[in-house]
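The structure follows.
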Amino acid sequence: MLGFSKAEKIEFSLHNFQMMILYYKQSQAEARLKFSMLKSHLNEAANGGGFSSAYLFSGSDEFLAQEAVKLFRQVLDPEFAEMNFSRCSIFADAAETLFTFPVFDMHRVCVYEPEAISAEEIEKIKEYLSSPAEESILVALVDGATCKALSKQKGATTVDCAALSQEETVAYVRELFASPPRVEVTNDAIDELITRTQSSLARIVSEVQKLKAYSPAGVSKADVKEMVAADMEYQVYLLAEAVSTHDAPKAISMLDAILKNGVSERTLFSAIYTRFRRLLHVSLNKDARRDDAELARLLGLKSTGALYYLRKNAENYSQVRLKAIVDYLHSLQYDTLTGARSDVSVLHEAMLKMLAM
């Protein structure tokens, strides 16, 4: 630092410190990817950016994890993919595969998907990552604790396969419609599709294929209403919306429509009770620091995506009203289980009472 003033030395040191912080943040970002970033990351890696030695999938959405696996298969030469893509449930087998030179290709992909993983298996993975096969890519579908234990290993990148946010789901649906054969779709059609499927990506993929075939000139909201059947969860969502605004005709209409689809009175009552119980818990936890994954687990939800619709429903209710409805439904459920009341009379009585609350 010869020839620099004290102020210049301080400024230079501060600049170096800031650059170190920036580099640290960038290196951390590179070690963790959201599912929505994975495709572009793999494209960049294939075009010279280089792949990580291992990709660790974390998150509760099994569908996203399997979609991510498909993306890794696409980095291989299709002609020889069968010979260079494999799945293993025991890491000793995975390691043997990873150290096998790829056949007529630059890379080999091995998907490691154990039913359960021991501390010994984790140590074997760490040992492998200390000196990995340069041509191979390890894709590990492991639990959150294992992912955390391995995420600091050199060459390991975590891929977040948690349920997509509403904005990410919209972007995902747009991408599905944009993929060949490309079909234009309106914004309100996307919203209707996501709501009717309650953000179930497995169902969305299936429904998009049907909608493309049904309306290749462009998909509208009317097309979605015509082609995408409303499951009971969506219908109960609409029913709860109608109750929130005291819309009796719509609520009774939804009730009758669900019953006409062959759903029993007891099953429907149970679904309504479960819905309002979850609405109450979501409302009570809106200011809590509990993360979505924990809240979804406590409510018995398969993914965090369903929380969006619960919160949307709950916004139209006061906590006092939700508590009164849940307590009332609980007492009615007890009556039906003990045989004091019939399922039919309880269901219609419950609907009228909730509308009046």
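Just so you know, these numbers use all the heavy atoms, side chains as well, and skip hydrogens, waters and symmetry mates.
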task: Verify whether one side chain among Ser342 and Ser345 offers a donor that lies under 3.5 Å from an acceptor in the other.
output: yes
Arg196 NZ/CZ over Tyr234 ring centroid, <6.0 Å and within 45° of normal: no
CD (Glu96) with more than 12 external heavy atoms under 6.0 Å: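 No, not enclosed.
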task: Examine distances only and state if a side-chain atom of Glu123 and a backbone atom of Glu120 form a donor-acceptor pair shorter than 3.5 Å.
output: no
- prompt: Got more than 12 heavy atoms from elsewhere within 6.0 Å of NZ, Lys212?
  reply: yes
query: Looking only at side chains, do Tyr112 and Glu121 share a donor and an acceptor under 3.5 Å apart?
result: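 On atom types as modelled, these side chains qualify, holding a pair under 3.5 Å.
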message: Is it the case that atom CD in Glu127 sees more than 12 heavy atoms from other parts of the structure closer than 6.0 Å?
response: no
- prompt: Under 3.5 Å, is there a donor-acceptor pair linking the side chains of Asn313 and Arg275?
  reply: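 Their side chains do contain a donor-acceptor pair, which is all the 3.5 Å distance test asks for.
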message: Can a donor-acceptor pair be found, under 3.5 Å and without considering hydrogens, that links the side chain of His107 to the backbone of Ser136?
response: no
- request: Check whether any side-chain heavy atom of Tyr172 sits under 4.5 Å from a side-chain heavy atom of Glu67, and report yes or no.
  value: yes
- request: For the residue pair Phe57 and Phe72, categorise the inter-ring angle as parallel (less than 30°), tilted (30 to 60°) or perpendicular (more than 60°).
  value: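 Tilted: the ring planes of Phe57 and Phe72 meet at 30° to 60°.
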field: Val183 to Ser215 - nearest heavy-atom pair and separation
entry: CG1-O, 3.6 Å
